[in-house]
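Okay, structure first, notes after.
All heavy atoms count here, side chains included; hydrogens, waters and symmetry mates do not. So that the names make sense, note that chain A is the first sequence line, chain B the second, and so on, each numbered from 1.
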Protein chains: 2
Amino acid sequence: MTEEGAGRPERDPEAVSRFVEHFAAQLVAAGMPRMPARVFASLLVSDTGASTSAELGETLRISPAAVSGAVRYLDQQHLVSREREPGSRRERYRVHGDQWYEALTNREAVIRHWQDALREGVASVGPDTPAGLRLGETLAFFEFVEKEIETIMKRWRVHRDETFGGA
Amino acid sequence: MTEEGAGRPERDPEAVSRFVEHFAAQLVAAGMPRMPARVFASLLVSDTGASTSAELGETLRISPAAVSGAVRYLDQQHLVSREREPGSRRERYRVHGDQWYEALTNREAVIRHWQDALREGVASVGPDTPAGLRLGETLAFFEFVEKEIETIMKRWRVHRDETFGGA
DNA sequence: CTTAATCTTCACAAATTTATGAAGCAAGCG
DNA sequence: CGCTTGCTTCATAAATTTGTGAAGATTAAG
């Protein structure tokens, strides 16, 4: 076996770093600013799911200010939480384990905004015009999807428990 | 009735413009560059679902170059198609009616990239480590969603035909 | 084959975004 | 109590993105 007994040495820092950058690239493509994306990816691969500012700054080679800004963003998006270790001003940033990707789909407010904009459009051209019909159908689509997403997430939790839970 | 007979005068340009900007704002929030977003929104509210470069330039107050760039982007994303009116070098850009929002969810390649990145992550830390388990579960989530999206879209088409089709 | 109309490409200017160092604040430690 | 450690905020510098005007290419009409 690949040496056991003294901790857990088997982790190729280079490979991990490649993952961080590749995963962050996906987050960026999805609209997240670069720095928060890298910080988030780093937290995801950390063994405990949590890191200090200093750790993040060192592995990513960025300034404390950059870490601070990134964490503020992630906090606002409810993608990480902050923990204070009692008896220290060191803060610990934690990724919400299996819930972060649920947050990705929980864009309820976002979908609401789309719907609002579309309703405004229908009103502005009249519901019986060609444009009104086109916009109305799109609106119906968003309303449909909104409900279906809820269903999907329920089905996911069942599936997850079957796969990863006891059974 | 609000004057009939001479075309279709009932369309408040200001209200339409408001919709264009609000809807474009949502697209921008979703990651689309500003100019393509505005052009796309304009096409969506147009009565025929198609416009010429000149029309777009005038209503949005942007240069031909901006229109050109925006259309190229939208074309690459398969959100609009180009039509040439025969016997004219005027081009007509058309929004794919009821299919554009399906394209929004058809991010198959996108999901594939997420999965690739996550597999790389699992490999880099080992599948049995805490981080490996966390990444593995996320990967399973994406795989699950990928399949479910297909189902949703089928259900949507049925729902749409019931609501807007004959019956 | 020349002319006119339309779209596209290119180089540049403007605006926006991003990350940094330095200064400021808060909280535990001696 | 002051000192030290660590996070945050602010102003600034750098990099990226965005939209424009001008020149170039393409195609129909005369």
Item to check | side-chain contact (heavy atoms from CB on, under 4.5 Å) between A:I152 and A:E148, worked out | outcome: CA-CA 6 Å; A:I152 275 198; A:E148 288 297 313; 5.6 Å; no
Checklist entry - When you match A:V67 and B:A54 each to their closest nucleotide on DNA chain C, which lands nearer the 5' end? => result B:A54
Next on the checklist: Does B:S53 reach a base, just sugar-phosphate, or nothing at all? Heavy atoms under 4.0 Å.
Outcome noted: sugar-phosphate
Next on the checklist: Whole angstroms only, please: what is the CD-C1' distance between A:E58 and D:dG6?
Outcome noted: 16 Å
Next on the checklist: Would you say that A:V95 contacts A:L79 through its side chain, given a criterion of any heavy-atom pair below 4.5 Å between the two side chains?
Outcome noted: no
Next on the checklist: Regarding B:R82, tell me which of base, sugar-phosphate or nothing describes its non-hydrogen contacts under 4.0 Å with the strands shown.
Outcome noted: sugar-phosphate
Next on the checklist: In this structure, how many angstroms lie between the C1' atom of C:dA26 and the CZ atom of A:R90, rounded?
Outcome noted: 16 Å
Item to check | Separation of D:dT8 P from A:R72 CZ (nearest whole Å) | outcome: 8 Å
Checklist entry - Should the pair A:R94-A:E83 be classified as a salt bridge under the 4.0 Å nitrogen-to-oxygen rule? => result yes
Checklist entry - Tell me: CD of A:E85 to P of C:dA26, nearest whole Å? => result 21 Å
Checklist entry - For nucleotides 12-30 of chain D, read 5' to 3', which letter fits each nucleotide if B means a protein heavy atom sits under 4.0 Å from the base, S means only the sugar-phosphate is that close, and - means neither? => result -------SBB-----BSS-
Next on the checklist: Base, sugar-phosphate or nothing for A:Y93? Non-hydrogen atoms, less than 4.0 Å.
Outcome noted: sugar-phosphate
Next on the checklist: Check the orientation of B:W156 and A:F144. Use parallel for under 30°, tilted for 30 to 60°, and perpendicular for over 60°.
Outcome noted: tilted
Next on the checklist: Nearest whole Å is fine: how far is C:dT8 P from B:Y73 OH?
Outcome noted: 17 Å
Checklist entry - Given atom CD of A:E91 and atom C1' of C:dA26, what is their separation to the nearest angstrom? => result 12 Å
Checklist entry - What is the distance from CG of A:L60 to P of C:dT20, rounded to the nearest Å? => result 10 Å
Item to check | NZ/NE/NH1/NH2 to OD/OE distance under 4.0 Å, A:R119 and A:E143 | outcome: yes
Item to check | Flag, side chain of A:S68 to backbone of A:P64, donor-acceptor distance under 3.5 Å | outcome: no
Checklist entry - Taking everything shown except A:E85 itself, do over 12 heavy atoms lie less than 6.0 Å from its CD? => result yes
Next on the checklist: Rounded to whole Å, please give me the gap between CG in B:L56 and P in C:dC7.
Outcome noted: 10 Å
